[in-house]
Amino acid sequence: MWDNPPIIIGHGSYLDQLAAQAGARNVFGDIAAPSAQVSLETIVARDPQWIAVLSDSAVPPGFAKRREWRAVRAVREGHFLLLPGSLFGRPGPRSGTAIQQLRTLLAR
Amino acid sequence: MRWTLLAIVAALALVLSVVLGPAAVPLGELLRSDIVWNLRAPRALLAFLVGGSLGVAGAGLQALVRNPLADPFLLGLSGGAGLGAVVAIALHLAGPWALPIAAFVGALAALGLVYRLGLIGGASLDPRILLLGGVAIGAFAAAITTAIVSLADAAELRNVFLWLWGGLSGASWDSVLLVALYAPIPLAVLLAASRPLDLLALGEESAGYLGADVEAVKRRVYLAASLLTAAAVAVSGVIGFVGLVVPHISRLVWGHRHRSLLPAAFIGGGALLAFADTLARTVVAPRELPVGVVTALIGVPVFALLLRRWTIA
């Protein structure tokens, strides 16, 4: 996900498939586009348990501190999945590793 | 009568933007909902303040350059702001306010360059050179922006184009407070220049004979309108057509006297943008359109109608 404007991944995108393989469900799985701009309140209403962000850093993204984002429960609780771009950004032979890593992160 | 009508339209636009949204909030829970208080209310207010600012900035600039085509973004500010935003993303500047601040700085840089170009003929600010300079600086900034986007490898850069088409998704009480504290100053400067702006319609020389300090007024109006636009673009991206169409519609109803034209453009611009943002959030829900797309889709047909009316009259 990207924050300004909020862009989420939809049905059939690579990350959506990875999430499904790892046993997770994309709350925006009904959107038939690989990625889409949505309103923040839609994210609040769909109330995801985790928010996946492609990020190479270990700290939650900057928008986590913004007041309007605190309306999202997963943001308040700090439930971010920070996925390194080199592993999760594109499909490839290491997709298996990515799925495994995602499983581990989700199992915490 | 027309003020009452305008007030009703504005109130309606604000109420609609708080009541309607992609997430279902039952009417009974409207006043207790976190979504309404922390997301929809600040967004509606920010839309109103930004739209109003763009309307007034447009009206002021149209009077200044005596050109009905003038728009707050025609003078290069959108190009500068876009460049600032792209640089912030390409350099991975961190912090929640990095993007708005970078866009504001970019807009100020463009403003400074255009202003300097406007003074090229001497101490007198030439509106024609302001227009040409604005277009040139805007094109130059856009070229650098595109060069950065095509050479840098930050994946987020693709999304900056969405941001550039305008969006109020970054709205929060913080940004509302910021604009509410900042905007009244340039707004007051523009309103105080109402009378000289009326006189400027007769031409600079005649306005001077009638007692207007033409040079001071030109500078004040240009700087105030541009600073207003720079703040608007920093919090909401480039929202086109509000600053172009609203002054024209207001002029049709309120006439050319700026003392009533400017307040009407503020309320009208605010109502239009609040309404457009409601459409942007709801028409393709759960997805969202950049609000600049909606204002252009509403603004262009209205503008075409106006053009027709002018050519017939």
Side-chain angles (χ1 to χ4, degrees), chain A residues 1-11 13-15 26-48 52-76 83-90, chain B residues 20-25 33-43 46 85 88-89 92-100 153-156 158-177 236-237 277-278 280-282 284-291 293:
Chain A
M1 203 184 65
W2 152 265
D3 65 302
N4 190 9
I7 293 176
I8 51 81
I9 55 156
H11 177 72
S13 66
Y14 174 58
L15 278 169
N26 178 7
V27 292
F28 286 105
D30 61 322
I31 291 183
S35 66
Q37 183 185 355
V38 295
S39 300
L40 196 44
E41 65 176 82
T42 317
I43 303 177
V44 176
R46 301 215 169 179
D47 197 19
V53 184
L54 279 186
S55 162
D56 292 323
S57 91
V59 291
F63 67 81
K65 290 196 207 74
R66 294 189 62 133
R67 211 193 297 183
E68 70 273 21
W69 279 90
R70 310 287 294 177
V72 183
R73 190 165 56 96
V75 173
R76 277 199 307 273
L83 312 177
S86 56
L87 188 56
F88 290 88
R90 58 193 75 88
Chain B
L20 298 178
V25 178
S33 162
D34 199 29
I35 288 181
V36 168
W37 278 115
N38 284 321
L39 299 175
R40 284 188 197 164
R43 190 166 170 159
L46 189 69
I89 291 175
H92 297 286
L93 294 183
W97 291 97
L99 197 63
D153 59 350
E156 301 92 339
R158 185 180 57 113
N159 299 330
V160 84
F161 280 111
L162 277 183
W163 181 84
L164 272 180
W165 263 93
L168 293 146
S169 56
S172 67
W173 286 114
D174 299 327
S175 48
V176 171
L177 190 68
S236 62
D277 187 50
T278 308
R281 289 183 295 121
T282 51
V284 292
R287 302 180 68 168
E288 187 174 321
L289 285 169
V291 71
V293 170

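By number of non-hydrogen pairs under 4.5 angstrom with chain B, the leading residue of Ala71(A), Gly85(A), Ala45(A) is Ala71(A). Top candidate by heavy-atom pairs under 4.5 Å with chain A, chosen from Gly21(B), Gly167(B), Gly237(B), is Gly21(B).
In this structure, chain B has a heavy atom under 4.5 Å from the side chain of Arg46(A), while its backbone stays farther away. For chain A, the nearby parts of Pro290(B) are the backbone and the side chain; heavy atoms of each come within less than 4.5 Å. With a threshold of 4.5 angstrom between heavy atoms, Ala171(B) approaches chain A through N, CA, C or O but not through any side-chain atom. When heavy atoms are compared at a cutoff of 4.5 Å, Leu40(A) approaches chain B by way of both its backbone and its side chain.
Judged purely by atom type and a 3.5 angstrom limit, Glu68(A) has no side-chain atom pairing as donor or acceptor with the backbone of Ser172(B). Proximity of a side-chain donor or acceptor of Glu41(A) to a complementary backbone N or O of Ala23(B) within less than 3.5 Å is detected.
Across all non-hydrogen atoms, the minimal contact from Ile31(A) to Pro286(B) is CD1-CG, 3.9 Å.
For Arg287(B), the side chain to side chain donor-acceptor pair (under 3.5 Å) criterion is met by no residue, not counting sequence neighbours. Scored by the side chain to side chain donor-acceptor pair (under 3.5 Å) test, Arg67(A) finds Asp174(B) as partners (sequence neighbours excluded).
Note that the CD1 atom of Ile35(B) and the OG atom of Ser39(A) stand 10.5 Å from one another [nearest 0.5 Å].
Within a 6.0 Å radius of CH2 in Trp173(B), more than 12 heavy atoms belonging to other residues, nucleotides or ligands are found.
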